[in-house]
Amino acid sequence: MIDKIKNTIRVELESSLTELYNQAINVVVEEPKSNNLGDISIPVFSIVKTVKKPLNEVVDEVIKALGKTSVKHLFAEINKIGGFINLTLNRLTFSKDVIRDKQVIGLNKLDFGNGKTIVIDYSSPNIAKPFSVGHLRSTIIGHAIGNILEKLGYKVVRINHLGDFGTQFGKIIYAYLNFGDKAKVDENPIEELVKLYVEFHELVKKHPEIDDKAREIFKDLELGHKEYYKLWEHFREVSLAEYMKVYEMLNVHFDSYNGEAFYNDKMQAVVDELTVKGLLVKDEGAMIVELGEEMPPALIQKSDGSTLYITRDLAALFYRKNTYNFDEVLYVVGNEQKLHFEQLKAVVKKMGYDYYQDIHHINFGLVLQDGKKMSTRKGSIVKLDDVLVEAVNLSLDYINEKNPTLANKEEIAQKIGVSAIIFNDLKNHRINDIEFNLQDMVNFIGQTGPYLQYTSVRITSLLEENEFNCEKIDYQLFTNDHSFDLIKTIAQYEEILVKAKEEYSPSVLAKYLLNLATYFNSFYAKEKIMVEDEIERNTKLCLISIIRNILDEGMNLLGMQVIKKM
RNA sequence: GCGCUCAUAGCUCAAUUGGAUAGAGCGUUUGACUACGGAUCAAAAGGUUUCGGGUUCGACUCCUGAUGAGCGCGCCA
C-alpha cells in the first residue's frame with residue numbers, strides 16, 4: 001500500500017516537474033531510515049543537479065507540486081530537512097484504509113501473476129544417494145517459491161527432476177555385481193548403495209580402468225540391457241520410497257516425478273536438431289556446441305555416443321515447453337552449477353528460441369562442513385533424518401520444560417522441529433553459503449521459526465476465547481507509535497510477496513514475518529488487550545486477528561506448520 | 001592458470017538496489033509477569049563496512065588494484 005502511494009507520488013511529480021522545468025526529471029521516492037523522520041521521503045539532490053537551480057528553491061517547488069498530487073490528502077505533515085522532503089502520513093485515514101483492506105487476507109489469491117505458468121524444478125535428489133542437507137535446501141526453497149507464486153496468482157507446475165540416470169549407475173551396478181551383498185542392499189538400500197559408490201571410488205584410485213567398465217555398463221543400460229535395467233529400476237524404487245518419507249514430513253508435493261531417465265528416448269531428437277542447425281562440432285571424438293570466448297563449449301555427446309547432463313536438460317526443457325507452455329522455468333539448483341545453466345541458456349539461444357530469456361537458475365549457496373563442500377564420493381554427507389530427529393527431540397524437551405501438560409506433545413514437537421529447520425534455511429538470502437551447524441539449525445530463541453509460531457499461538461489463545469467485530473472499532477487507537485508500526489507493516493504484505501517473487505527469495509517474506517512478529521510482541525508488552533471498554537477491546541482484537549492471519553498465511557507459504565498451542 | 005561469487009559487531013545476517021545517525025538476532029551484562037503464554041519484552045556494551053586508490057552533492061553499495069575464502073573450468077551430475 002505504501003509502495004502504491006510512493007509510486008503515485010513519483011509518477012505525478014515526474015510529470016508535473018518535467019513540465020515545470022521543461023526537461024526530463026527523475027524523482028526518487030523512498031522511506032526514511034528512522035521512523036521519526038516521517039513515513040515517506042524525497043531526496044531532491046538529483047533534481048537540483050539536472051535543473052541547476054539553488055537547492056532551497058527546488059525544495060519549495062517540489063513541495064508545491066506535491067500539493068497538487070492525487071494523494072496529498074493522505075499526509076498530515078510535510079517537512080524539509082536539508083535536501084530531503086519528509087512526508088508524514090495521516091495516521092487515522094491510513095489506518096482505516098489498511099484495516100478495511102486487510103480483513104480478507106488469506107482468502108484470496110492475488111492477480112499479480114495473471115494466470116501465467118511457471119515451471120519450477122526443485123529437490124531433484126540423486127537416486128541411490130542419501131537425501132542430503134544440500135537437497136533439503138533445494139526442496140525447501142523451491143517449495144516456498146512455488147507457494148508464493150501460487151499466492152500471487154501464477155499457475156505453478158512443480159517438477160522433481162530425479163537424478164535417476166547417468167554414469168553413476170554404471171559405477172553402482174559395477175560395484176554391486178562385483179562386490180555387493182544382495183541381502184544387505186535389500187535390507188538397507190540407500191546406505192549400502194552409498195557404501196558401494198564410495199568403495200568404487202576408492203578402488204578407482206588403484207585401478208583406473210574400472211572407470212571405463214562403469215561407463216560401458218551405463219552405455220549398455222542406456223541401450224536397454226535387461227539385467228542392468230532391472231537393477232536400475234529396483235534401485236530407483238527403493239530410493240524413491242525413502243525420499244517420499246522426507247517429503248511427507250516436510251509436507252512437500254510435486255506434479256511430476258519425471259527424472260532424467262524419462263528423457264532417455266527424447267535425446268536423439270535434440271542431437272538431430274543441433275545437427276540440422278549446424279551447431280554440433282566433433283572435437284576429440286566428442287560432439288560439442290561451441291559457445292564463443294566467454295564460455296567453455298557444451299559437451300552434448302561422449303565419444304562413445306552416450307549423452308550427458310546438458311543433453312538431458314535440453315530434452316527436458318523442450319518437453320516442458322511443449323507440455324506446459326511455460327512463461328518462465330525455474331531451476332532451484334546449487335551455486336556450483338552456475339556455468340551449466342549459463343551454457344544451457346546459451347545453447348537454447350543459439351538454437352534460435354528466444355525463450356532462453358525465461359530460464360532462471362535459482363542458485364543457492366552450498367552447505368559447507370568445516371568450510372568445504374560436502375561430497376558423497378568422499379562419504380562426507382550428513383543425513384537428513386539425523387537433523388530432523390534432533391530438531392524434533394529438542395522441541396519435545398522444550399515442551400516438557402515449558403508446558404508439560406500439553407496434549408499431543410509429539411505431534412506438536414514434530415511441527416515445531418521441522419518448521420524450525422525450514423525457517424532457519426529460508427531466513428537468509430539463498431545465495432549465502434551456510435556452514436552446517438546443528439546447533440544453529442535447532443536454535444529456538446530469537447529470529448527463529450518457533451518465535452513466529454509462538455507469536456501466532458499467543459494471538460490465537462486470545463482470539464479463541466473472545467468474540468470481536470471489525471465493524472465496531474475506534475481507529476484513533478491506531479495512531480500511537482507502537483500501533484501504527486503494526487498498521488504500516490500490515491500494509492506492506494502484498495508488496496513483500498511481489499518483492500519475494502522478483503528476487504526469487506523467500507527470505508524477503510521470512511524477514512518480513514519476523515519484523516511483524518517483533519512489532520506485535522512489543523505492542524503486546526505495552527498494551528493490555530482484554531480491557532473493560534468494549535470498543536477498545538474490539539479494536540485491539542481486530543488488529544491482532546489481522547496480524548495472525550498474515551503470520552499464519554506467511555508461515556504456510558514458507559512451508560512451515562501453524563499450531564494453536566505449544 | 002582462467003572464470004564466477006563473496007568479505008559488514010565476538011558469531012549468524014540486514015541495510016529501501018547510490019541517500020540522512022550502518023540495523024537486528026545469538027552470545028555478554030542488567031532490568032520486567034497478583035494484565036491476557038517469560039520460547040516474550042525493555043536497556044547497555046560491541047563498527048576505520050578486509051586493505052589501498054578512484055568516480056560525485058553523497059559510497060557498505062559503482063569502477064580499479066591488492067589480500068583472503070568458496071565454487072566452477074570436455075567425455076560426473
Side-chain angles (χ1 to χ4, degrees), chain A residues 2-3 6 28-34 37 41 43 45-46 48-49 55 81-84 86 124 126 129 163 165-168 170-171 211 214-215 218 260 283-288 294-304 306-310 312-313 333-340 342 363 365-366 368 371-373 377 395 398-399 401-403 416 424 427-429 431-435 437 439-440 443-451 453-455 457-462 465-466 499 503 507 511 514-515 517-518 521-531 540 565-566:
Chain A
I2 294 204
D3 267 9
K6 277 159 66 183
V28 178
V29 184
E30 52 195 29
E31 286 163 60
K33 269 190 174 146
S34 102
L37 289 170
S41 78
F45 307 102
S46 60
V48 169
K49 204 177 164 187
L55 189 134
I81 306 173
F84 291 93
N86 294 327
S124 311
N126 294 322
K129 292 190 187 177
F165 224 55
T167 315
Q168 49 171 329
K171 295 175 182 178
D211 236 348
R215 262 196 287 275
F218 174 61
E260 297 181 10
D283 192 89
E284 294 173 31
M287 301 305 283
I288 64 168
E294 323 84 71
M295 246 181 276
L299 204 59
I300 301 293
Q301 205 170 32
K302 298 188 216 173
S303 35
D304 70 0
S306 63
T307 56
L308 284 140
Y309 185 37
I310 196 163
R312 291 193 279 277
D313 259 2
V333 179
N335 234 340
E336 71 267 40
Q337 293 193 30
K338 192 167 184 190
L339 179 60
H340 166 74
E342 280 168 4
N363 56 339
L366 305 170
L368 305 175
K372 300 277 179 196
K373 188 185 167 189
R377 294 186 191 188
S395 41
Y398 259 86
I399 293 170
E401 183 192 328
K402 307 276 183 187
N403 195 358
I416 295 173
N424 180 65
K427 73 178 173 187
N428 293 326
H429 193 88
I431 208 73
N432 296 333
D433 285 346
I434 47 182
E435 173 71 25
N437 181 338
Q439 277 178 347
D440 280 356
N443 180 21
F444 290 173
I445 294 168
Q447 296 172 330
T448 63
Y451 178 79
Q453 288 169 320
Y454 178 72
T455 307
V457 163
R458 274 179 140 182
I459 300 176
T460 297
S461 65
L462 282 166
E465 290 163 27
N466 301 283
K499 195 178 169 204
E503 295 187 14
S507 68
K511 287 230 150 76
L514 279 177
N515 202 17
T518 303
N521 283 314
S522 177
F523 172 88
Y524 185 84
K526 290 190 178 98
E527 296 270 358
K528 184 179 175 183
I529 310 291
M530 297 311 297
V531 290
K540 287 173 173 172
K565 283 187 162 64
M566 65 192 282

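All of these numbers come straight from a predicted model, not from anything done at the bench. Quick note on labels: first sequence line is chain A, next is B, and so on, each numbered from 1. Just the heavy atoms: all of them, side chains too, but no hydrogens, waters or symmetry mates, feed the values below.
Separating the P atom of B:C60 from that of B:U48 is a span of 14 Å, rounded to the nearest Å. For B:G53 and B:U28, the C1' atoms lie 39 Å apart once the distance is rounded to whole Å. B:G25 and B:U40 have their P atoms separated by 11 Å, given to the nearest Å. Of the P atoms belonging to B:U56 and B:U17, the separation is 22 Å, rounded to the nearest Å. Between B:G47 and B:C73, the two C1' atoms lie 38 Å apart (nearest whole Å). Nucleotides B:U8 and B:G3 place their P atoms 24 Å apart, quoted to the nearest Å. Comparing B:A44 with B:A24, their P atoms sit 10 Å apart, to the nearest whole Å. Of the C1' atoms belonging to B:U67 and B:A20, the separation is 33 Å, rounded to the nearest Å.
Residue A:Asn86 places a side-chain atom within donor-acceptor reach of the base of B:A20, judged by atom type and a 3.5 Å distance cut-off alone. A donor and an acceptor atom sit less than 3.5 Å apart, one in the side chain of A:Ser303 and one in the base of B:C75. If you check distances only, the side chain of A:Ser41 does reach the base of B:A20 with a donor-acceptor pair under 3.5 Å.
Taking side-chain N and O atoms only, A:Arg215 has a distance below 4.0 Å to OP1 or OP2 of B:C76. When the side-chain nitrogen and oxygen atoms of A:Arg312 are compared with OP1 and OP2 of B:A77, one or more of them lie within a distance under 4.0 Å. Note on A:Asn432: a side-chain N or O is less than 4.0 Å away from OP1 or OP2 of B:A14. Listed pair A:Lys338 / B:G72 fails the phosphate criterion, with no side-chain N or O lying under 4.0 Å from OP1 or OP2. Side-chain N/O atoms of A:Lys511 include none lying less than 4.0 angstrom from OP1 or OP2 on B:A15. Here A:Tyr309 does not reach the OP1 or OP2 of B:A77: none of its side-chain N or O atoms lies under 4.0 Å away. Taking side-chain N and O atoms only, A:Tyr451 has a distance below 4.0 Å to OP1 or OP2 of B:C41.
Aromatic stacking of A:Tyr454 on B:G37: not satisfied for centres closer than 5.5 Å together with planes under 30 degrees.
Residue contacts shown for A:His340 are absent, as no nucleic acid heavy atom lies under 4.0 Å away. Note on A:Asp313: nothing from the nucleic acid sits closer than 4.0 angstrom, heavy atoms only. Nucleic acid contact class of A:Glu31 (heavy atoms, under 4.0 Å, all strands): base. Using a 4.0 Å heavy-atom cutoff across all strands shown, A:Ile529 reaches at least one base atom of the nucleic acid. Residue A:Gln337 is in base contact, counting any heavy-atom pair closer than 4.0 Å across all strands shown. In this structure, A:Glu527 reaches the bases: a heavy-atom distance under 4.0 Å links it to at least one base atom across the strands shown. A:Leu462 comes within 4.0 angstrom of a base, heavy atoms only. Contact annotation for A:Gly166: backbone-only contact, meaning every heavy-atom pair under 4.0 Å involves sugar-phosphate atoms and none involves a base. Residue-level contact check: A:Glu465 touches neither bases nor backbone, having no heavy atom under 4.0 Å from any strand. Residue contacts for A:Ile399: at a heavy-atom cut-off of 4.0 Å it reaches a base atom on one of the strands shown. Looking at heavy-atom distances under 4.0 Å, A:Ser461 makes contact with a base. Within the 4.0 angstrom heavy-atom criterion, base atoms lie near A:Met566. Among the atoms of the strands shown, none is found under 4.0 Å from any heavy atom of A:Ile431.
Closest to the side chain of A:Asp283, from the set B:G19, B:C57, B:G74, is B:G74. Candidate nucleotides B:C57, B:A20, B:G37 were compared by shortest atom distance to the side chain of A:Tyr524, and B:G37 ranks first. In the set B:A77, B:C41, B:C75, the nucleotide with an atom closest to the side chain of A:Lys302 is B:C75. Considering only side-chain atoms of A:Thr167, the nucleotide from B:U16, B:A77, B:C57 that sits closest is B:A77. Among B:G74, B:A77, B:C71, the nucleotide with an atom closest to any side-chain atom of A:Leu308 is B:A77. The side chain of A:Lys565 lies closest to B:G37, out of B:A77, B:C13, B:G37. Proximity note for A:Lys33 (side chain, C-beta onward) versus B:C36, B:G74, B:A15: the nearest is B:A15. Closest approach to the A:Phe84 side chain among B:C71, B:A20, B:G37 is made by B:A20 (side chain taken as heavy atoms from C-beta onward). Side-chain proximity of A:Glu503 to the nucleotides B:G70, B:U17, B:A77 is greatest for B:U17. Minimum atom distance to the side chain of A:Gln447 is reached by B:G25, of the listed B:G25, B:G37, B:U12.
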| Can you list the steps and then say if A:Phe218 with A:Phe165 is a ring pair (Phe, Tyr, Trp, His ring centres under 6.0 Å)? | CA-CA 9 Å; A:Phe218 174 61; A:Phe165 224 55; 5.3 Å; yes
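B:U28: glycosidic angle beyond 90° from 0, hence anti.
With RNA chain B read from its 5' end, the first of the two nearest nucleotides for A:Ser34 and A:Ile288 is the one closest to A:Ser34. In terms of position along RNA chain B, the nucleotide closest to A:Ala517 lies nearer the 5' end than the nucleotide closest to the other residue of the pair A:Ala517 and A:Gln168.
Whole-Å rounding puts the A:Lys499 NZ to B:A14 C1' distance at 10 Å.
Taking the six-membered ring for Trp and the full ring otherwise, A:Phe45 and A:Phe84 have centroids separated by under 6.0 Å.
Partner assigned to B:A59 is none, using Watson-Crick or G-U wobble distances below 3.5 angstrom. Of all nucleotides present, only B:G25 satisfies the Watson-Crick or G-U wobble test against B:C11, with each distance under 3.5 Å. In this entry B:U40 has B:A32 as its Watson-Crick or G-U wobble partner, both defining distances falling under 3.5 Å. With both pairing distances under 3.5 Å, B:G70 is matched to B:C4 as a Watson-Crick or G-U wobble pair. With both pairing distances under 3.5 Å, B:U16 is matched to nothing as a Watson-Crick or G-U wobble pair. Shown here, B:U48 forms no base pair; nothing in the strands shown gives a Watson-Crick or G-U wobble contact with both key distances under 3.5 Å.
Using a 4.0 Å cut-off between charged side-chain N and carboxylate O, A:Glu527 and A:Lys540 make a salt bridge.
In this structure, A:Tyr309 and A:His340 have parallel ring planes: the angle between them is below the 30° cut-off, well short of the 60° mark.
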